[in-house]
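All chains are named by letter (A, B, ...) in the order of the sequence lines, taking the proteins before the strands, and each is independently numbered beginning at 1. Everything numeric here is computed off the predicted structure, so don't read it as measured data.
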2 protein chains.
Amino acid sequence: MATTISDIARLAGVSRATVSRVINNPEQVKEKTRNKILRIMEEQNYVYNALAGGLSKNSTRTLGLIIPTITNPIFAVSTKGIQNAAAARGYSIILGSTEYAEGMELNLVRLYLEKRVDGIVFTGNPQDPRTAEYLASRQIPYIVTWEVSQSDRVPFVTFNNIKAAYQVVDYFISMGHRRIGMISGRFYETGRAKKRWEGYVEGLKNWDVPYDENIVIQKEYSVASGREAMGRLLRDPNPPTAVFCGNDILAYGAIAAAKEHKRSIGTDLGIIGFDDLEMSAVMDPPLTTVRIPGHEMGSMGANALIDIIEGKTTETVQYVLETDLILRSSVPKLK
Amino acid sequence: MATTISDIARLAGVSRATVSRVINNPEQVKEKTRNKILRIMEEQNYVYNALAGGLSKNSTRTLGLIIPTITNPIFAVSTKGIQNAAAARGYSIILGSTEYAEGMELNLVRLYLEKRVDGIVFTGNPQDPRTAEYLASRQIPYIVTWEVSQSDRVPFVTFNNIKAAYQVVDYFISMGHRRIGMISGRFYETGRAKKRWEGYVEGLKNWDVPYDENIVIQKEYSVASGREAMGRLLRDPNPPTAVFCGNDILAYGAIAAAKEHKRSIGTDLGIIGFDDLEMSAVMDPPLTTVRIPGHEMGSMGANALIDIIEGKTTETVQYVLETDLILRSSVPKLK
DNA sequence: TTAAATAATGTAAACGGTTACATTTATAAA
DNA sequence: TTTATAAATGTAACCGTTTACATTATTTAA
């Protein structure tokens, strides 16, 4: 039915090897022969079979990518970075999301191994201990992004979550705030959430501000959660004057809740987010937030991984990129 | 190196066929034998080779998905619908985005065919005429979502873009607006943008409101574009009192611009978006917008496609789902 | 018991490429 | 010319599965 390399070979009066060569190493075959074969492939609507090719070459030039959820636009930007870098080097990517569901991570890794991807890009460390075990017993290059990897055998490219959070607290303090709450992502869902919280705790400690668990709330990353959490904070007998949100999505919800409570963000209440999504600049008020190098992180990660796959390097990369606190108008100066 | 079915067979003292059966039709092999094989597979860390499997089965249980950009969260929701439905039927998906770049669509289709996906889900009709031609000459099931397909041989699942836009205009009129502008997506980038514009035009005509090209602007879908476009509209000598935005992202930018111009949305200026993203409800003011059935569209599309792949149907599905105009507070009543 | 029917397993070709090695053809040097 | 060398092509085994068909083992019925 579908034309194969053999059909083309027969039609062109050459061997399969020659056809294979025009596909993989065109310069090895005489121009005249090559053109003839190319023409016939065209005429026959030949489509290369990557399954067969991958099987015999033992390589698919494909990267597997695992993200938490496709729904949060911040992962779109690092994915784009990965996509671009991979494409530039002739690799394509398979994208899968765990949606924070138990077992999905392992499923995806299994799937990727079965499909014989050449390498895997993780968003954060593998969360499920079974995943780590599985990876260890099989043999596949992978890299973690968004976090420092747990083992120093595993390469990573990240930014400093702790430091970024620390700087947020610093900034709040510098603006005169002492009662600083936090709406965090769930620790068990992502290691990053915990790191940001650690940075927050450290920041407080550094300024001798007592940690008060009543004004730190763990919630899933969603607008609704942010709104709910902020509602609760504002009903506290001693409500915070400043709130650090674990990501911009939570911050959007927090902003909405604050308005419902007739609080005026940027004049009597401060909010800072994390990620710097496209929309954050047009929030009302424009949201002060931490800008992270998503695109760069993705492309550096993909390149490093491909280097490993192609044997171009033996060292384990450990990149830590810089973040920026983008000052806008959501934090008032208290006197 | 890697263990194969042959290794397992040898170790278990059975033939490859038997091992293959425990993978594909476990009930066909005697329990005792099966357990032994399963145990050995476990011990040897056996990983199924989907390339080899796909090659001989001539099926990969994989769907290729083409979206415009991963950056717009609205495509995340339909993708999720597709993902879920596919997973439920044992299919996995490969996701690729064109980023509206010339030639990417055809590239993706080529890639998917080479990888032997069982079917392709398009977001909108193939934009590039070469894609259509390519698809026609090869032989692969596909479905279009988000739009009515161009040929009645190709199945689609969509909502009525024209009607939804028409209703937006209707609503503006009912609120007393007569000067209604539009910030549209680019026609050449997506057919949907044009449809929405058509609905807008039709709506105006229906109420005998003259069409004024000075207050319709085509822009790429981005916050920055929305802002820019709205700025321009408001500088018009006879600015609109109501603006229909081709999607919510544009609307966010438009809201920001309106505020910069000291216009009060919901009291002296009306804005309506399209998509109903998660953030739209927490905009200030909450954005009136068209809710589209993204998730449902995705899952219905995937299911219909899989039905075709598995030969469970011969008819060409043509689903048109309903949209809802979600009334919030971004449109004032004019007297 | 034995024959017939059924269940379990094995055999071997096929899927569509790649590639080490061998052979043929063309080109350059003597 | 002849020979040495390089370029172009061919041969055939291999990659890891599946599956139609054949064979053997087990169960059931007579």
Side-chain angles (χ1 to χ4, degrees), chain A residues 1-38 40-41 44-62 110-111 113-118 138-140, chain B residues 1-38 40-41 44-62 90 110-111 113-118 138-139:
Chain A
M1 177 83 19
T3 42
T4 71
I5 222 180
S6 304
D7 301 322
I8 305 294
R10 188 165 27 74
L11 258 24
V14 300
S15 72
R16 272 143 70 220
T18 300
V19 179
S20 175
R21 282 191 273 260
V22 348
I23 297 171
N24 297 290
N25 308 89
E27 72 288 353
Q28 278 180 18
V29 6
K30 192 159 56 166
E31 180 165 5
K32 202 173 139 212
T33 322
R34 193 198 320 148
N35 288 147
K36 182 174 183 190
I37 293 175
L38 253 13
I40 295 178
M41 294 200 307
Q44 300 294 315
N45 289 333
Y46 171 73
V47 178
Y48 179 82
N49 187 326
L51 297 176
L55 180 58
S56 55
K57 287 210 259 206
N58 198 27
S59 147
T60 53
R61 289 187 93 77
T62 301
R110 276 213 190 96
L111 183 70
L113 265 75
E114 290 192 348
K115 287 198 188 280
R116 296 294 193 265
V117 300
D118 293 337
R138 275 73 180 178
Q139 131 86 31
I140 173 113
Chain B
M1 177 81 16
T3 44
T4 71
I5 223 181
S6 305
D7 300 320
I8 306 295
R10 188 166 26 75
L11 259 23
V14 301
S15 72
R16 272 142 68 218
T18 300
V19 179
S20 176
R21 284 187 196 103
V22 347
I23 297 171
N24 296 289
N25 308 89
E27 72 288 353
Q28 279 181 16
V29 6
K30 192 157 56 166
E31 180 165 5
K32 202 172 138 211
T33 322
R34 192 199 319 148
N35 288 147
K36 181 173 182 190
I37 293 175
L38 252 14
I40 295 177
M41 292 200 309
Q44 301 293 316
N45 290 332
Y46 171 74
V47 178
Y48 179 81
N49 187 325
L51 297 176
L55 179 58
S56 58
K57 288 210 260 206
N58 197 27
S59 146
T60 52
R61 289 187 94 77
T62 300
R110 276 213 189 94
L111 182 70
L113 265 76
E114 290 193 349
K115 288 197 188 280
R116 296 296 193 265
V117 300
D118 293 339
R138 274 72 180 179
Q139 131 86 31

*Sort out for me which residue in B/Ile8, B/Ile5, B/Val29 forms a side-chain contact (heavy atoms from CB on, under 4.5 Å) with B/Val22.*
B/Val29
*Round to the nearest Å and state the distance from B/Gln44 atom CD to D/dG16 atom C1'.*
16 Å
*Listed by chain and number, what are the side chain to side chain contact (heavy atoms under 4.5 Å, CB included) partners of B/Leu11, not counting sequence neighbours?*
B/Ile40, B/Gln44
*asked:* What residues from residues 47-61 of chain A pass a heavy-atom cutoff of under 4.0 Å to DNA chain D?
replied: A/Leu55, A/Ser56
*Nearest-Å distance for atom pair CD/P, residues A/Glu114 and D/dG16*: 15 Å
*Contacts of type side chain to side chain contact (heavy atoms under 4.5 Å, CB included), residue B/Ser56, not counting sequence neighbours*: none
*For atom CD1 of B/Ile23 and atom P of D/dT17, their distance in whole Å*: 7 Å
*Please check if the side chain of A/Thr60 supplies one atom and the backbone of A/Gly54 the other of a donor-acceptor pair under 3.5 Å.*
no
*Would a 4.5 Å heavy-atom cut-off, applied to side chains only, mark A/Asn24 and A/Lys57 as touching?*
yes
*Looking at every strand, decide which applies to B/Thr4 at a 4.0 Å heavy-atom threshold: base, sugar-phosphate, or nothing.*
sugar-phosphate
Identify each atom pair where a protein N or O and an N or O of nucleotides 5-9 of chain D are less than 3.5 Å apart, giving names and distance.
| from | atom 1 | to | atom 2 | distance (Å) |
| --- | --- | --- | --- | --- |
| D/dT9 | OP1 | A/Thr33 | OG1 | 2.5 |
| D/dT9 | OP2 | A/Lys30 | N | 3.0 |

*Just by distance, do the side chain of B/Asn49 and the backbone of B/Ala52 share a donor-acceptor pair under 3.5 Å?*
yes
*What integer distance in Å separates A/Ile5:CD1 from C/dC15:P?*
14 Å
_Using the side chain to side chain contact (heavy atoms under 4.5 Å, CB included) criterion, which residues pair with B/Lys30? Sequence neighbours excluded._
B/Thr33
*asked:* Base of D/dT17, side chain of B/Arg16 - is there a donor-acceptor contact under 3.5 Å?
replied: yes
*List in chain and number order the residues that pass side chain to side chain contact (heavy atoms under 4.5 Å, CB included) with B/Glu31, two or more places apart in sequence or in another chain; answer none if no residue qualifies.*
B/Arg34, B/Asn35
*Give the rounded distance in Å between these two atoms: CZ of A/Arg116 and C1' of C/dG17.*
17 Å
